[in-house]
Amino acid sequence: MRSDTAIKNEGMRVLAKSLGPVDAERFIVLLRREPFDYTEWRQDLYKGMPLDEFLKKATAHRDMMTHE
């Protein structure tokens with residue numbers, strides 16, 4: 001099991017790579033500023049998306065992550 005620090009560092013690395021360092025920091029600030037229920041957000045994130053589209057996005061993301 002990884003430490004909390006390792007998970008935070010990896011999370012920031014992924015955010016910064018995806019959003020850029022400035023927008024990654026803004027994302028963290030936005031999450032801390034307002035009440036946020038991660039579980040509820042995740043449940044609604046893909047609501048209404050057709051399964052084939054979800055699978056294409058998941059496959060593309062996996063391929064991007066394995067080719068770093």
Side-chain angles (χ1 to χ4, degrees):
M1 178 186 262
R2 296 189 296 171
S3 70
D4 290 352
T5 300
I7 292 170
K8 287 190 277 186
N9 287 340
E10 178 69 8
M12 283 304 298
R13 184 191 69 74
V14 171
L15 282 172
K17 182 176 181 177
S18 179
L19 299 175
V22 173
D23 284 344
E25 290 290 338
R26 285 182 58 210
F27 176 76
I28 298 299
V29 169
L30 290 169
L31 287 181
R32 294 180 56 105
R33 185 182 307 161
E34 22 185 284
F36 181 74
D37 184 337
Y38 177 80
T39 303
E40 183 179 318
W41 174 75
R42 291 293 298 169
Q43 288 173 348
D44 293 339
L45 184 61
Y46 300 108
K47 189 178 280 185
M49 181 183 291
L51 181 59
D52 62 330
E53 184 179 343
F54 174 82
L55 292 174
K56 282 181 196 174
K57 287 179 180 282
T59 301
H61 178 73
R62 182 203 60 210
D63 292 346
M64 178 186 70
M65 297 304 287
T66 58
H67 290 96
E68 292 184 348

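Reckoned from all heavy atoms, side chains included, excluding hydrogens, waters and symmetry mates.
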If you measure from [atom1] on [X] to [atom2] on [Y], what distance do you get to the nearest 0.5 Å?
{"X": "T39", "Y": "D44", "atom1": "OG1", "atom2": "CG", "answer": "11.0 Å"}
{"X": "S18", "Y": "H61", "atom1": "OG", "atom2": "NE2", "answer": "8.5 Å"}
{"X": "T59", "Y": "F54", "atom1": "OG1", "atom2": "CZ", "answer": "9.5 Å"}
{"X": "R2", "Y": "K8", "atom1": "CZ", "atom2": "NZ", "answer": "13.0 Å"}
{"X": "E25", "Y": "L30", "atom1": "CD", "atom2": "CG", "answer": "11.5 Å"}

Should V22 and V14 be regarded as members of a common hydrophobic cluster, given that ILVMFWY residues are connected when their side-chain heavy atoms come within less than 4.5 Å of each other, either directly or indirectly?
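Different hydrophobic clusters.
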L19, V29: one ILVMFWY side-chain cluster at the under-4.5 Å cut-off?
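Each belongs to a different hydrophobic cluster.
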Is any side-chain heavy atom of [X] closer than 4.5 Å to a side-chain heavy atom of [Y]?
{"X": "R32", "Y": "I28", "answer": "yes"}
{"X": "D23", "Y": "L15", "answer": "no"}
{"X": "F27", "Y": "L31", "answer": "yes"}

Can K56 and E53 be counted as an ion pair, charged N to O under 4.0 angstrom?
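Salt bridge absent between K56 and E53.
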Smallest separation among heavy atoms of L45 and R42, with atom names
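The pair with the smallest heavy-atom distance is CD2-NH1, 3.1 Å.
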